[in-house]
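Here is the structure we will look at, set down as structure tokens.
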There are 2 protein chains.
Amino acid sequence: MGILLRQPRTGYDVVKDLQSFRPANASQIYPILAKLEQHGYATFEIQAQTARPDKKLFKLTESGKAALARWLDTDPEPPVTRDDFLSMLFSAWSKGPDAIARLLWHRKRFLNRYEQDLRAKYQALVTNFPADCDDPHNARFSSTLLYRRRIGLVAEELRWCEESITTLEKVSDI
Amino acid sequence: MGILLRQPRTGYDVVKDLQSFRPANASQIYPILAKLEQHGYATFEIQAQTARPDKKLFKLTESGKAALARWLDTDPEPPVTRDDFLSMLFSAWSKGPDAIARLLWHRKRFLNRYEQDLRAKYQALVTNFPADCDDPHNARFSSTLLYRRRIGLVAEELRWCEESITTLEKVSDI
DNA sequence: TCCCGCATGTAACGGGTTACATGATTGC
DNA sequence: GCAATCATGTAACCCGTTACATGCGGGA
């Protein structure tokens, strides 16, 4: 399952870490961690805290690391996306060019915000840990690759949005 | 739900049409069509066929069209993707640069095939119906926008794959 | 001969989301 | 005073997938 125990983390932390590229919510993660523990793939230490529920700090066992390594050798499934925007665009012609333009503008705003966010995080990563990011044996190397990918894709979709808006303008007011 | 009744279609056709941008399978579509019919959003005519089960040709009612128009006025949810490849890449550092390269090559091959397929379909569309594709009141206009988007994104990810492979080579054999 | 395409569905299962339950601390 | 952050979980539900059931015609 969503195995991302680079470092020991609590369930709560795992949810946050996954957020960026494989969203899942708490009520899903906790049962999974419990199951991993039952199968011997992970163990946890309890850290008592005052004024908060006790933390369960999970970490992978050797057997868990082996299972992850095996999974890495399998071929990944083709990606699946669901995106209401695309479905709407598919039917938007029925309401005319204005509706299409509205959708595109909406998407553009969304992408702009998203891009800024990504760039900020990426910048923070490479300025704080420049050495790690260049070392392919380091976890942060993987992270930089993933950031660069997302940034490139978002920039491309943004380009597409603008292109589409201009063609729409050209076509509809001639 | 997946409302894409541009023209009257059978359940079987709907599944195929959706394939490209919002995959769903037959056992999901049939109950949905039945529900649409119960709610008065769609009706069907039965076309008897010899040697095959009778066709149920569904089409949207006025009330169905109105519902679709209302949906088009709502703001789309942010997109969700799940992609094993990304999860694997995230952990691939643990197995070293070769594992990362292997993943990237695998993805590259996948994207190459996908890109060819998309370009072929896009070409077919614009050569067969050049006028429709330029008319924003026509359904095929929406389709061309969607194709251009997908093609751009796939090309960008391909570029990223190649870039990543070369940085990996540079970094690991110096 | 066997698989693919056409054409419809039902039943069981599994993964994911939403809602609920608890509770102290910190900042607006 | 209210929301957000930290921290754990359970229960119900929905959406989607897999497997099953049926059956003929055409191409490899």
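So that the names make sense, note that chain A is the first sequence line, chain B the second, and so on, each numbered from 1.
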State plainly whether the residues Glu163(B) and Arg148(A) are in salt-bridge range, i.e. N to O under 4.0 Å.
-> yes
Between the protein and nucleotides 15-20 of chain C, which nitrogen or oxygen pairs come in under 3.5 angstrom?
from	atom 1	to	atom 2	distance (Å)
dG16(C)	OP1	Arg22(A)	NH1	3.2
dG16(C)	OP1	Arg22(A)	NH2	3.4
dG16(C)	OP1	Arg82(B)	NH1	3.3
dG16(C)	OP2	Gln28(A)	NE2	2.2
dG16(C)	O5'	Gln28(A)	NE2	2.9
dT17(C)	OP2	Gln28(A)	OE1	3.2
dT18(C)	O4	Ser27(A)	OG	2.6

Asp132(A) and Trp93(B): side chain to side chain contact (heavy atoms under 4.5 Å, CB included), yes or no, with the steps?
-> CA-CA 11 Å; Asp132(A) 290 357; Trp93(B) 59 275; over 6 Å; no
Comparing Lys16(B) and Pro31(B) on DNA chain C - which has the more 5′ nearest nucleotide = Lys16(B)
Taking Thr144(A) for the side chain and Phe141(A) for the main chain, is one N or O donor matched with an acceptor at less than 3.5 Å?
-> yes
Decide side-chain hydrogen bond (donor to acceptor under 3.5 Å, both in side chains) for Asp13(A) and Thr10(A); before the verdict, give the C-alpha distance in whole Å, the side-chain angles of both, and the deciding distance to 0.1 Å.
-> CA-CA 5 Å; Asp13(A) 292 329; Thr10(A) 66; 3.1 Å; yes
What is the distance from CD of Glu45(A) to C1' of dT8(D), rounded to the nearest Å?
-> 18 Å
Expected list for residues 17-27 of chain B: side-chain donor-acceptor pairs under 3.5 angstrom, two or more places apart:
from	atom 1	to	atom 2	distance (Å)
Asp17(B)	OD1	Arg9(B)	NH2	3.2
Asp17(B)	OD2	Arg9(B)	NE	3.0
Asp17(B)	OD2	Arg9(B)	NH2	3.2
Asn25(B)	OD1	Ser27(B)	OG	3.2

Check the distance between dT8(D)'s C1' and Arg9(A)'s CZ and give it to me in whole angstrom.
-> 17 Å
Looking at the side chain of Lys56(A), which of dG9(D), dG9(C), dC6(D) is the nearest nucleotide?
-> dG9(D)
Taking NZ, NE, NH1 and NH2 as the nitrogens, is one of them in Lys59(B) or Glu45(B) under 4.0 Å from a carboxylate oxygen of the other?
-> yes
Would you find more than 12 non-hydrogen atoms of other residues, nucleotides or ligands less than 6.0 Å from Glu162(B) atom CD?
-> yes
Does a side-chain N-to-carboxylate-O contact under 4.0 Å join Arg107(A) and Glu157(A)?
-> yes
What's the CD-C1' distance between Glu77(A) and dG16(D), to the nearest Å?
-> 15 Å
Net bend of the helix from dT1(C)-dA28(D) to dC28(C)-dG1(D), end axes of five pairs each, nearest 10 degrees = 40°
Separation of dG9(C) atom P from Asp54(B) atom CG, nearest Å, is 10 Å
Counting primed atoms, P, OP1 and OP2 as sugar-phosphate and everything else as base, the B/S/- map of nucleotides 22-28 of chain C against protein heavy atoms under 4.0 Å is --SS---
Rounded distance in Å - CD1 (Ile29(B)) to P (dA7(C)) = 16 Å
When the distance from OH of Tyr12(A) to C1' of dC6(D) is rounded to whole Å, what number comes out?
-> 5 Å
Could you give the side-chain donor-acceptor pairs of residues 62-75 of chain B under 3.5 Å, partners two or more places apart or in another chain?
from	atom 1	to	atom 2	distance (Å)
Asp73(B)	OD1	Lys95(A)	NZ	3.0
Asp73(B)	OD2	Lys95(A)	NZ	3.0
Thr74(B)	OG1	Trp71(B)	O	2.6

Members sharing Tyr114(B)'s hydrophobic cluster (side chains within less than 4.5 Å) | Phe110(B), Leu111(B), Leu118(B), Tyr122(B), Leu125(B), Val126(B), Phe129(B), Tyr147(B), Ile151(B), Val154(B), Leu158(B)
Among dA7(C), dC6(C), dT8(D), which nucleotide sits nearest the side chain of Thr10(A)?
-> dT8(D)
Side-chain N or O of Gln49(A) less than 4.0 angstrom from OP1 or OP2 on dC6(D)?
-> no
Rounded distance in Å - CD (Gln47(B)) to C1' (dA7(C)) = 12 Å
Carboxylate-amine/guanidinium contact Asp117(B) Arg113(B), below 4.0 Å = no
Whole-Å gap separating C1' (dA7(D)) and CZ (Phe44(A)) | 14 Å
Just by distance, do the side chain of Thr61(A) and the backbone of Gly40(A) share a donor-acceptor pair under 3.5 Å?
-> yes
